[in-house]
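Here's the structure we're looking at; comments come further down.
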Amino acid sequence: DKANTFLSIKMRMPDDGPPSKKFKYTLQHKNNGNHVSDKLQQERRNLPIYPARGKIINQIQRLDTAILIGETGSGKTTQIPQYLLEANVNKNAIIAVTQPRRVAAITISQRVAEEQGTELGQKVGYCVRFEDVTSENTKIKYMTDGMLLREAILDPLMKRYSIVILDEAHERTIHTDVLFGVVKQAQSRRKAKGIRPLKILVMSATMDVDHFSAYFNAAPVLYLEGRQYPVQVFYAPEPQSDYTFSSIVTLFQIHRVEPPNKDVLMFLTGQEEIESAVKTIRDITRSTEENMAPLVVCPLYAALPSHAQLKVFKPTPRVCLYIYLKDKKLTDIEAITEGCRKVIVATNIAETSVTIQGIKFVIDSGVVKAKVFNPNSGLDLLKVVRVSKAQALQRTGRAGRESAGSCYRLYTEQEFEQFSDSTVPEIQRCNLSSVVLQLLALGISDIVNFDFMDKPSTESIIAAVHQLHNLGAVVKETSIKLTPVGRKMAAFPLEPRLGKTLLIAKEHNCLEEILTIVSLLSVDSVIVTPQSKREEALAARQKFVSSEGDHVMLLNIYKAYKAVKGNREWCMENFINQRNMRTATEVRKQLHDICVRMDFPVKSCGNDSTTIRKCLAYGFFMNAAELQKDGSEYTSLSSRKTVSIHPSSVLFRCKPAYVIYNELVKTTKCYMRDLCVVDPDWLSEAAPAYFKKKKPGT
DNA sequence: GAGCACTGC
């Protein structure tokens with residue numbers, strides 16, 4: 001019945017006109033087959049960045065550090081490394097170009113290799129986790145920011161690079177933020193030591209230029225012009241109480257008046273909300289009496305199976321003519337026959353990670369689901385919050401990538417003015433234990449005074465150091481120092497607790513099993529429980545269940561998965577997410593290789609699950625809880641807070657006296673997720689000092 | 001008896 005009111009929102013233009021000049025043309029990457037060079041070279045010369053080529057080279061030639069502002073797609077990411085290479089600004093050494101995402105590093109390097117007329121992995125290559133496609137001939141190396149950071153642990157001066165380009169710096173990923181300080185330090189140390197100079201190029205699409213420049217010792221800023229398409233912005237005339245409803249209303253408002261070949265991108269917050277909106281939209285199109293063009297509705301979020309994600313990229317099909325022929329004029333039909341409309345209902349995955357062709361309309365709810373971290377409680381909380389102005393702008397820009405478009409903001413202009421300018425950098429929002437461990441491994445001991453562009457709070461740094469201290473990774477002398485244990489932990493791409501658990505497993509000769517468990521804990525859940533087939537899923541899972549907890553069950557699942565060689569049908573039948581299982585297998589292989597390199601004997605303890613649980617207790621003693629006297633709930637041993645067993649755990653409805661858990665999530669209650677039954681004696685053995693006041697089980 | 005934004009090593 002809500003559907004009948006869908007003209008209730010009237011949009012109006014902002015007083016000062018659309019902020020459309022911000023949005024620029026996007027380079028379309030096409031594979032041109034065999035006759036590469038001439039056509040590709042011509043395409044390169046046609047890019048808006050091309051006329052600025054000489055100037056850019058000159059500037060970078062004489063500068064140590066430069067900041068380059070240009071919208072995504074101005075061609076800067078593909079062209080600038082090539083310009084520098086062609087003018088040999090890199091002096092025959094390697095140019096590193098970082099990207100926040102794997103897929104970007106891979107696809108961009110493919111394109112650049114093509115433009116250079118070389119095989120990928122030769123002059124141009126890429127390096128991301130699990131994949132190193134470079135050789136000794138590689139001069140331009142695209143890589144994830146996290147990869148360069150990990151390399152820096154082995155070589156803090158980054159000696160193999162003469163130029164480091166930090167691309168998409170405005171995204172402020174935790175890795176880019178740490179790299180800012182690390183490259184700056186490498187540059188000045190190399191200068192002091194008389195080693196070949198290191199040039200730093202920071203590329204960003206941000207408006208926050210002054211902040212970047214000030215941080216890099218007033219580095220000059222180069223601006224890039226690009227082609228642009230205007231996006232008209234509309235605001236809601238009054239605050240909206242139900243953004244999902246308003247989004248759907250707006251969609252149909254667009255759908256009734258606009259030519260149907262123009263697709264719509266709608267931003268909502270999460271899987272459940274998206275699926276319900278998709279259903280509502282489909283129901284309305286089915287039940288309406290109006291002659292509307294058909295709508296193809298596609299949900300899009302990261303957890304969606306990849307085959308369903310691919311639907312988004314399919315060209316929108318031609319329209320079913322018969323719907324319109326009966327009472328429409330021919331002129332109307334012409335407009336309609338260009339295609340029916342596709343509407344994509346997405347999370348913020350469509351802001352940066354996924355680019356869809358043909359979007360002319362964006363509907364922005366103005367909200368996003370974000371992780372909020374509280375350093376005092378150590379609790380992560382997933383909350384629906386307002387987007388930042390920068391994020392809203394990013395969403396708006398998605399409407400103008402190929403031609404002019406429109407963006408409907410489901411908030412008033414006054415509300416927009418209240419949004420924060422930019423999203424709080426990740427480094428100020430999350431648990432820092434991994435970052436602190438990495439910085440210490442890089443030889444940086446004074447973390448509180450490290451040269452961050454935006455400092456994380458002192459409390460969160462102290463909390464991280466504290467955790468590392470409890471794990472025996474650091475000692476506090478005159479300064480904070482990494483112990484041999486901490487040094488080994490830093491070698492693994494794992495959060496510190498999991499890294500420590502591996503080291504313990506080595507001592508207990510059960511690395512074989514713990515490698516599996518740790519890998520499964522560090523990827524997204526491999527267990528699927530669809531609402532519609534809940535009973536079926538639980539029945540299928542029954543054969544893996546263990547009374548000792550979720551970790552042992554995960555191990556059982558992995559063994560069964562390996563026994564059928566990762567068979568797809570088996571995964572379907574057993575409600576196992578094959579994609580995440582494959583990732584876990586890759587993680588395991590990587591961790592295994594590191595163990596071998598470090599001369600760790602990878603031994604199996606067979607079916608001795610007690611040893612496995614003991615290792616987990618030794619590594620996770622900070623995440624332990626005891627059953628309360630009345631047997632109803634648990635008390636966390638570290639914070640003395642009341643916590644409960646998450647209903648997804650195999651231990652739900654069981655009442656073991658002591659458990660350790662992988663993580664705590666706060667929703668309606670404080671829930672422990674991924675639990676393992678432990679003996680209280682193991683906890684006090686693991687950390688006698690930690691449990692000095694009260695020994696568990698006494 | 002609950003509910004899982006998005007990346008990355």
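By convention in this document, chain letters (A, B, ...) are assigned in the order of the sequence lines, proteins followed by strands, and residues within each chain are numbered from 1. Source: prediction; values computed, not measured.
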At under 4.0 Å between heavy atoms, what does [X] touch on the DNA or RNA strands: base, sugar-phosphate, or nothing?
X        : answer
A:Thr668 : sugar-phosphate
A:Thr144 : sugar-phosphate
A:Arg653 : base
A:Arg101 : sugar-phosphate
A:Tyr301 : sugar-phosphate
A:Val587 : nothing
A:Gln590 : nothing

Terminal contacting nucleotides, 5' and 3', DNA chain B versus chain A (heavy atom, 4.0 Å): B:dG1 to B:dC9
When you compare the side chains of A:Glu273 and A:Tyr243, does any donor N or O come within less than 3.5 Å of an acceptor on the partner? yes
Residues in side chain to side chain donor-acceptor pair (under 3.5 Å) with A:Ser525, at least two apart? none
Assign B:dC6 to syn or anti; the rule is syn for a glycosidic angle within 90° of 0 and anti otherwise.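 Anti conformation here, the glycosidic angle of B:dC6 being more than 90° from 0.
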For A:Arg386, all residues meeting salt bridge (charged side-chain N to carboxylate O under 4.0 Å, His left out), sequence neighbours excluded: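 Here the qualifying residues are A:Glu415.
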Taking side chain to side chain contact (heavy atoms under 4.5 Å, CB included) as the test, write out the residues that go with A:Thr176, two or more places apart. A:Asp145, A:Thr173, A:Phe180
Could you list the residues that satisfy side chain to side chain contact (heavy atoms under 4.5 Å, CB included) with A:Ala441, not counting sequence neighbours? A:Ile153, A:Leu482, A:Arg487, A:Ala490
Would you mind listing every salt bridge (Lys or Arg N to Asp or Glu O under 4.0 Å) that reaches into residues 660-671 of chain A, with sequence neighbours excluded? A:Glu633-A:Lys669, A:Glu663-A:Arg673
DNA chain B: 5'-proximal contact among A:Arg534 and A:Val354 (nearest heavy atom): A:Arg534
